[in-house]
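Below: one structure, written as structure tokens.
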Amino acid sequence: MNRYAKRGLPVTGPSTKDSAAGGRPAPKVPHAEPETEPAAIIADYWDAAKARYRRGDFPDYGSEDWRALPIEDPRKLAGLVAFAEMWRKYGDEIADDLNRQLAHPEPLWQRATTEACDKAFRDLLAQQEHRRKEAA
């Protein structure tokens with residue numbers, strides 16, 4: 001039943017009439033069966049993501065590059081796994097540090113400059129790159 005028949009409209013087209021070429025009925029196209037099982041697709045995706053994670057071949061979670069990846073790209077899952085692992089290792093430390101800073105904020109004149117923050121960020125990126133190369 002097509003969308004027109006559901007609405008009570010007359011049904012026309014190749015599914016109900018003979019083909020214009022020779023008066024033969026229109027050929028029926030069988031539905032294609034999936035080539036692989038869904039579990040096999042997921043297992044392949046997970047294996048590809050693990051391989052990318054081990055090689056360090058993925059953008060950082062939440063970055064512009066990571067957000068631009070389609071969901072089926074294994075690099076997206078590898079970036080998510082890397083972030084989850086960092087949260088597992090350092091989540092409590094990060095939360096404790098944030099709570100300490102909120103409870104006792106530094107005076108404005110003692111806070112780090114933009115240049116110092118940029119340097120710390122570059123150092124962190126270099127550390128991550130070094131760990132990725134060691135893992136490969």
Side-chain angles (χ1 to χ4, degrees):
M1 180 179 281
N2 66 21
R3 63 183 174 183
Y4 300 111
K6 288 179 186 175
R7 295 180 186 155
L9 299 172
V11 181
T12 60
S15 62
T16 60
K17 291 187 175 182
D18 289 344
S19 168
R24 295 182 305 263
K28 294 188 179 196
V29 179
H31 293 287
E33 292 294 320
E35 293 182 15
T36 56
E37 294 292 318
I41 294 170
I42 292 169
D44 289 344
Y45 179 65
W46 179 241
D47 288 340
K50 284 192 296 189
R52 297 278 186 162
Y53 173 74
R54 287 185 190 119
R55 288 193 313 258
D57 182 18
F58 56 88
D60 290 330
Y61 173 79
S63 68
E64 291 291 326
D65 292 336
W66 184 85
R67 286 188 298 231
L69 291 173
I71 191 70
E72 62 273 359
D73 192 320
R75 293 176 296 169
K76 191 155 200 158
L77 181 58
L80 181 65
V81 169
F83 178 76
E85 182 63 16
M86 285 177 51
W87 183 260
R88 183 190 68 79
K89 285 182 179 178
Y90 307 112
D92 293 338
E93 291 176 34
I94 293 168
D96 291 344
D97 186 44
L98 181 59
N99 287 333
R100 254 191 322 279
Q101 289 180 20
L102 290 173
H104 306 288
E106 292 179 354
L108 189 59
W109 56 271
Q110 288 181 340
R111 293 183 189 171
T113 63
T114 304
E115 292 82 21
C117 290
D118 288 343
K119 182 186 180 315
F121 181 68
R122 285 191 304 274
D123 291 345
L124 180 64
L125 290 178
Q127 246 180 356
Q128 287 178 342
E129 185 65 27
H130 180 70
R131 285 184 187 147
R132 285 182 186 166
K133 288 180 182 177
E134 285 180 350

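The figures here come from the full heavy-atom set of this structure, side chains too, leaving out hydrogens, waters and symmetry mates.
Proximity of Met86 to Gln128: side-chain heavy atoms (C-beta onward) are separated by under 4.5 Å at one or more points. The shortest distance between side-chain heavy atoms of Glu115 and Asp118 does not fall below 4.5 Å. Using a 4.5 Å heavy-atom cutoff, the side chains of Glu129 and Leu125 are not in contact. Between Arg75 and Pro59, the closest side-chain pair of non-hydrogen atoms falls below 4.5 Å.
When the side chains of ILVMFWY residues are joined at heavy-atom separations under 4.5 Å, either directly or via intervening members, Tyr45 and Phe58 end up in a single hydrophobic cluster. The cluster map of Ile, Leu, Val, Met, Phe, Trp and Tyr, joined by side-chain heavy atoms under 4.5 Å apart, puts Trp46 and Tyr61 in the same cluster.
The backbone N or O of Gly79 sits nowhere less than 3.5 Å from a side-chain atom of Trp66 that would complete a donor-acceptor pair. A donor-acceptor pair is defined here as one N or O able to donate and one able to accept, closer than 3.5 Å; no such pair exists between the side chain of Lys76 and the backbone of Ile71.
The residue from Leu77, Asp47, Asp57, Val81 that alone fulfils the side-chain contact (heavy atoms from CB on, under 4.5 Å) condition with Arg52 is Asp57.
In this structure Tyr53 satisfies the ring-ring contact (aromatic ring centres under 6.0 Å, His included) test with no other residue, sequence neighbours excluded.
Under the 4.0 Å criterion applied to side-chain N and carboxylate O atoms, Asp123 and Lys119 are assigned as salt-bridge partners. Taking 4.0 Å as the cut-off between side-chain N and carboxylate O, Arg67 and Asp60 do not count as a salt-bridged pair.
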Trace of the salt bridge (Lys or Arg N to Asp or Glu O under 4.0 Å) decision for Arg131 with Glu134: CA-CA 5 Å; Arg131 285 184 187 147; Glu134 285 180 350; over 6 Å; no
